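Read through the structure below, which is laid out as C-alpha cells, and then see the notes.
Note that this is a predicted model, so its numbers are computed, not measured.
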2 protein chains.
Amino acid sequence: MGRAEIGRALSLSTQAVSNIIAELSDDGLLIERGHLAVGRGLPAKQYALNPKGGYAFGIEIRPDALLAALLDMEGNPVMMKRVAMTKTDPETIVVQIKSLYLEALADEAGAGGRMLGAGIVMPGPFGATGISGHGTDLADWNDIDPATYFSQALDLPVEVSNDANAAAMAERLNGAAQGLSNYAYLYFGTGLGLGLVSDGALVQGAFGNAGEIGHIPMPGINGNLESRLSRMSLQQHLSSADKHADDIDTLAMLFESRDKDLHAWLKPACEALAYAVAVVENLFDPEAIILGGAMPDALLEYFVDQTSLPDQSVSNRPNAQHPRLQSGASGRMTATLGAAALVLNRTLSPHIAHAH
Amino acid sequence: MGRAEIGRALSLSTQAVSNIIAELSDDGLLIERGHLAVGRGLPAKQYALNPKGGYAFGIEIRPDALLAALLDMEGNPVMMKRVAMTKTDPETIVVQIKSLYLEALADEAGAGGRMLGAGIVMPGPFGATGISGHGTDLADWNDIDPATYFSQALDLPVEVSNDANAAAMAERLNGAAQGLSNYAYLYFGTGLGLGLVSDGALVQGAFGNAGEIGHIPMPGINGNLESRLSRMSLQQHLSSADKHADDIDTLAMLFESRDKDLHAWLKPACEALAYAVAVVENLFDPEAIILGGAMPDALLEYFVDQTSLPDQSVSNRPNAQHPRLQSGASGRMTATLGAAALVLNRTLSPHIAHAH
DNA sequence: TTGATCATTCAAACAGTTTGAGTTAATCCC
DNA sequence: GGGATTAACTCAAACTGTTTGAATGATCAA
C-alpha cells in the first residue's frame, strides 16, 4: 500500500504515515515495491512488510518429542525440526529447546537480532483440574509457570497455549481463516480440542484451559465427545480389530484402501462431529468452523463432505458468506507452526498491552 | 485514588495524571473526596468518579412490552418504567422509546447533556437463521439494522445485544461478577441464553448471535437444552397439570409452597443444568458461572445448591477462588438494567475503537 | 526539632501528531 | 500536443499530550 491509502485506512494523516514509514524502513521492517499507478495523480510508492524483518520461533512439547519451527514475518517456515525425547522434566526440555533455538538462528542468517518471540505449545489442561491425569499431560510441570520459565531461558517474550489455539492462529495467518475474526477451529490432537477466535483474539479462558470440547458429554452414548471423535478413538477402534495405525500415513493408507474397520468408525464420528458443530455454532456463532490437526487430509475432507450440519443452529443462515464447515491445515507440524503463529499474531494485530 | 497512585497503576507520570484530572474535573466527571493520609508524606487528594457525571439509558424490547431504565455512572438506577405494547413494528416502537427517553431526561435534572449512550436489548437471533421463527422474535425487523436505526432516532451512540449478554454486563458492574473478566452468565429469559465475557469483553459471535445455549441438543432426551431448562419449559410442565404461572411471583409462591408439579420439574432441570455447566466450563474455562434472569430468587438458589457439578471439567480445580456456580441478579428488570450496563461498560473499560 | 518520605505543582523539553503550502507525476479532455 | 485536473508526497510550523527535573507542602519517625 501507499502512504495515503494507509493513512485513510488508519485514520491518520499522510504525514504521520510518512514519519512512521521512515522509522520502520530504517529498522528494516518494510520493503519498497515500486510505484503503482491506479488512475490520475502521482503513482503511490508501494510498501510491504519485509518478510525477513522479523522471525518467530515455535516449539511444540509432546510427551515423546519436541518439535520446532522458525517462521519469517510472512509466516513462511524457514526451519522445521523434530527431536525424540524420553524425559520430559523441565530441565531436560529447556536444554533441548535452547539447542534447537541456536540451530534455528544458525540456519537463518540475520534472524539473530530480529526475533519477535517464541510460542510454546504444550499439552493442557494447565494446573490441576478435573480432567488432569489422563496420561496426556506432562509430569513435573505443575509447579512451574511455563511462560516465565521459557522466557527467562530463551531471553524472549513467550506465549504459551494449547495445540488447538495455536493451530487456529496458524490458519488465520496463511490458511482458511484469512480475513476472519470470529471462527472456531476443531483440532485433532490426541483428543479433540477447540480453538476459539473472537474479534481477532483467542478465547483462552480464565486459566488458559478453554476449548476442551473433547471432554463434554456426548448425547446418546455413555461417554464424552472424544470417545467418538478423535485420533485416539479411531486408533482404539482399529486396534480392537487388531490393526495398528500409529501415524497419519498409515491412517491415510487405510482410508484410501477403504478399510472396512476404519469406515465403520466414520459414521458415528460424523454424528459426533455434527453434535460438536451444533454446540459450537449455537454457543459461539462463528463465521466458519475449521477442521484440522493430526489426521489425513482425505479424512478431513470426508468429514466436511459427509457431516450433515444441524438445521437448528444460528449459523444455518440462507445467505452465508463462508462454508459452515471447512478443512484447514493438517499434518504433523500444524500445532508447531501454530506456536510460532501465536507470536506473529500478537505482533501484527492491535491490542491493548497490559502494563506490567 | 490520588494522582500518584493512579499514575503508578496506569504507567503514567504524576504530571500526566494531573493534567487529565484537571480536564475531567472541568467536565464534572470527577469529584474530590478529601485527603487520605496512609503513612508519611503529603496525604493524597482523593478523586472518584462523579456518579452524576454521566448516564446510560437502557431499553428492553419484548413482544408484549417495552422496559426502560436510566442508570447513573455508578450503575444506580434513577428511573425504571414499563409500557405495555400491542404493536412491535419499528415505527411504533421508536416513537414509544423516544417518549420514554424524554421522560427519563425530565426525571433526572442534569442528565440531558450527560448521556453516554443507549443500550438496547431485543430478542435474538438477529437475521435469518435456523432457529428463527419460533415465535419469540419480532416481526418487521428483518430489514433494519437496529443499532443504526435507534442511534439516529435518539441521537445517541447505541449498543444492541441480547438479554443474556446485557445481564452479564450488569452483573459485572454491581453484582456477583465484580472483578471477574472471564465468566459466563446463564440467563433465564423465555428460553435459555448464555452471556460470555472473555478478558472483559463480550463474546458476541460473528453476527451477534453467540450464546444460544438453549438450542443445543440435550443428551438423553429427544430435544434441546431449553426444553428441560427454561421458564417456558416450566410453564408448559405446570400447564399440563392445569396450573398456570404467568409471572415470577406465582412461580415463587408455588416453589415456596413445595408444589409437587413444580418440584417434579426441578430434578430433570438440575440434570440439564449440570450438562450446561459441563459444556460451558470445558469450552470456556470461566472463573465462575452465574445464574440469573426471570426466575424467582429461591429457585435460582435451589439450582445452585442442588446441582451436582461435573467432575470431568477443567473448572473442577482443588484451589478454586470462586464458587463454580452462583446466583446473580434475578427479576423482571435484569435485562433492562443490563442494557444500560452495556453502555457503562463500553465507556469505562479500555478498548480499541475501530475507525469508521 | 530535624530529616525522611511522599504528593503535588510548575516549567521546560520531548514525541507524535495535524495542518497548510508547495512539488511531482500521472490521467483527462479539448 | 498541451493545459486542466487529480492524487501522492514532502517540508515546515503548529499543536497535543507526554516526560523530566526542580521546587514546595504536609506528614511521620527519631
Applying ring pair (Phe, Tyr, Trp, His ring centres under 6.0 Å), can you list everything that pairs with [X], at least two apart in sequence or on another chain?
X	value
B:Y55	none
A:F150	A:W141
A:F126	none
A:Y101	A:F57

Let me spell it out: for each of A:S13 and A:A37, pick the nucleotide of DNA chain C with the closest heavy atom. Which residue's pick is nearer the 5' end?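 First, find each residue's nearest nucleotide; the 5'-ward one identifies A:S13.
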Practice item. Identify, between A:S18 and B:A16, the residue whose nearest nucleotide on DNA chain D lies closer to the 5' end. Key: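 The residue closer to the strand's 5' end, by nearest nucleotide, is A:S18.
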Heavy-atom contacts, protein to nucleotides 2-7 of chain C, under 4.0 Å, summarised as B (base), S (sugar-phosphate only) or - (none) per nt, yield --SBBB
Looking at residues at least two apart in the chain, or sitting in another chain, which of them share a salt bridge (Lys or Arg N to Asp or Glu O under 4.0 Å) with [X]?
X	answer
A:R317	A:D285
B:E108	B:K52
A:D107	A:K81

Does anyone know the first and last nucleotide of DNA chain D in reach of chain A, 5' to 3', at under 4.0 angstrom to a heavy atom?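 Answer, 5' to 3': D:dT5 to D:dA12.
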| message | A:D145: which residues meet the side-chain hydrogen bond (donor to acceptor under 3.5 Å, both in side chains) condition with it, sequence neighbours left out? | response |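 With neighbours one apart ignored, the set is A:T148.
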Task: side-chain hydrogen bond (donor to acceptor under 3.5 Å, both in side chains) involving B:Y47 - partner list, sequence neighbours excluded - done: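 B:Y47 satisfies side-chain hydrogen bond (donor to acceptor under 3.5 Å, both in side chains) with B:R3 only.
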For [X] and [N], give me the distance from atom [atom1] to atom [atom2], rounded to whole Å.
X	N	atom1	atom2	value
A:I21	C:dT17	CD1	P	13 Å
A:H35	C:dT24	NE2	P	14 Å
A:E23	C:dG16	CD	P	6 Å
A:N19	C:dC14	CG	P	18 Å

Using a strict heavy-atom distance below 4.0 Å, which residues from residues 25-34 of chain A are in contact with DNA chain C?
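Listed by number, there are none.
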### Query
Taking everything shown except A:D143 itself, do over 12 heavy atoms lie less than 6.0 Å from its CG?
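Check fails, neighbour count at 12 or below.
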**Message:** For B:Q15 and B:N19, which I'm curious about, is there any donor-acceptor pair between the side chains at under 3.5 Å?
**Reply:**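 Per modelled atom types, B:Q15 and B:N19 side chains form a pair under 3.5 Å.
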